[in-house]
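In what follows, a single structure is set out as structure tokens and then discussed.
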Number of protein chains: 2
Amino acid sequence: MPAERRTDDLGCENGGMATAEEFTPESERVMNTLRDEIIDGTRAPGSKLVEREIAAELGVSRLPVRDALRSLVSEGLVTPRPRTWAVVREFSQSDVSDLNEVRSALETLAFRLAAERRTRAGLAKLRADLDEQQAASERGDGGAARRKAADFHQTVTELADNALLSELDGILQSRLRWLLGQHDDLDVFAHEHEELYLAIEARDVQRVDELAAQHLATSRAKIAAHRRNAAGAE
Amino acid sequence: MPAERRTDDLGCENGGMATAEEFTPESERVMNTLRDEIIDGTRAPGSKLVEREIAAELGVSRLPVRDALRSLVSEGLVTPRPRTWAVVREFSQSDVSDLNEVRSALETLAFRLAAERRTRAGLAKLRADLDEQQAASERGDGGAARRKAADFHQTVTELADNALLSELDGILQSRLRWLLGQHDDLDVFAHEHEELYLAIEARDVQRVDELAAQHLATSRAKIAAHRRNAAGAE
DNA sequence: GCCGAATATTTGGTATCCCAAGTGTTAGGG
DNA sequence: CCCTAACACTTGGGATACCAAATATTCGGC
């Protein structure tokens, strides 16, 4: 059954991979701003998100802010409280393990499919992401390294050639970046990504599964450590 | 200063029955209406979804419709086209296989976790869902049977005790109900659910995995059949 | 110090207006 | 007769203003 794999990107308002021509609604800009502020900690978990305030800050009206807030809610970064202001989501321990369980299933699938369906062009893109990540990692640019690591994962889901998987993984990824915080284990992640890349290139599904499991474990440990830090600092 | 026309003298000309007991935003009502109309085929794939029209039809303003449409987009039932009207999503063959792949990973996880973490109370709820499904199935009430089957799946994700998984599965489930159409293999699904229930009750993870895989296969076949029908009828 | 009423806030919704960009139609040139 | 360019229309995105209802907060009484 030759599924006519069109690269018809299903639209979704998650910023990033929508690749709309040039048109970016104001609401999307607001959403990205807000997301960044949440992820980098400018807006702490539990803090109020008042439509009018945000609208005033960003110089737009309430509507784009409402839209952005709703999108962020469906992304799981914001908790809505009907009739009252929304708040930046606070992740409980069980939220974290929930995320880990789901992510485990989805990322394992992504890596496996990527190994099976990788193309030459896709592989090149993956290699490029990895090179940039490693370069950033070596020169100690944590921000860039983390960003490129995220790109690596994004590209893996593209290799998997499953739009739905990409979409879901994107949502999970934004929560993840947040939960991971500004970690500094740059080289560990770079190394694991390198091995993953090799296994995908070799189409070694078995090894990809193993490496994915280990990568997940590393990530889980890092999240736990970050949360302990955050709890301790408080 | 434009002559501000006070249009507040009209109380509530539409509806009238303002049952204000529980909090359900208008936008949610609109979303549910629209979703039902999409799933049951009232609104065909590809048909236009014009905000102003829908607003007029349902007797609400454009905003709740906009909100609903956005939610439906993130649910994957609607395709937005920047600057133009949105359309009811058309699923390509690759969309279907994408969905099946992801669903496979997620539902397998859900069934497994449900088997591991089932509680007495949860099991009772699952049994109740199943009884109702079987009753509806036997008296030939397809609509009720399908609805109860969906409840069964919902309850399974609740047993799995993973809110994120529930959320994701819910989204997938709505696409699925749509793709499955008004199938009439009531007894097959009822039977498979029965076996799944038994395995979950017995905490037999191994068997749950097997049954889940088979259930997925049945579902895939049904979707394929439905799509062939739809394609043929056209 | 604790509880309850008055007050302040804030969202969800409605009603208009406006604009830019895409759509559909029509008229004109080859 | 067909192709294309101009035009009017449609549509979503945004802004502003206002209202109702529910929730927070504050302040006063006990």
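Given the structure is predicted, the values throughout are model-derived calculations rather than measurements. These values consider heavy atoms only, across backbone and side chains, with no hydrogens, waters or symmetry-generated copies. Lettering of chains follows the sequences in order, A, B, ..., and the numbering in each one begins at 1.
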Inset, instruction - Using only heavy-atom distances, determine whether the side chains of A:Arg29 and A:Asn32 contain a donor-acceptor pair under 3.5 Å. - result: no
Inset, instruction - Establish, from distance only, whether the side-chain atoms of B:Thr157 and B:Asp169 form a donor-acceptor pair under 3.5 Å. - result: no
Inset, instruction - Before accepting this row, confirm whether a basic side-chain N of the pair A:Arg43/A:Glu53 lies closer than 4.0 Å to the acidic partner's carboxylate O. - result: no
Inset, instruction - Please name all residues satisfying side-chain contact (heavy atoms from CB on, under 4.5 Å) with B:Thr42, sequence neighbours left out, ordered by chain then number. - result: B:Glu37, B:Asp40
In a table with atom names and distances, give each donor-acceptor pair under 3.5 Å that connects a side chain of residues 79-91 of chain A to protein atoms at least two apart or in another chain.
from, atom 1, to, atom 2, distance (Å)
A:Arg81, NE, A:Trp85, O, 3.4
A:Arg89, NH1, A:Gly76, O, 3.1
A:Arg89, NH2, A:Asp95, OD1, 3.3

Inset, instruction - May I have the distance from A:Leu63 (atom CG) to D:dA17 (atom P), rounded to whole angstrom? - result: 14 Å
Using the 3.5 Å cut-off, write out each protein N or O paired with an N or O of nucleotides 10-13 of chain D and the distance between them.
from, atom 1, to, atom 2, distance (Å)
D:dG12, OP1, B:Leu49, O, 3.3
D:dG12, OP1, B:Glu51, N, 3.1
D:dG12, OP2, B:Glu51, N, 3.3
D:dG12, N7, B:Arg52, NH1, 2.8
D:dG12, O6, B:Arg52, NH2, 3.4
D:dG13, OP2, B:Glu51, OE2, 3.4
D:dG13, N7, B:Arg62, NH2, 3.0
D:dG13, O6, B:Arg62, NH1, 3.4

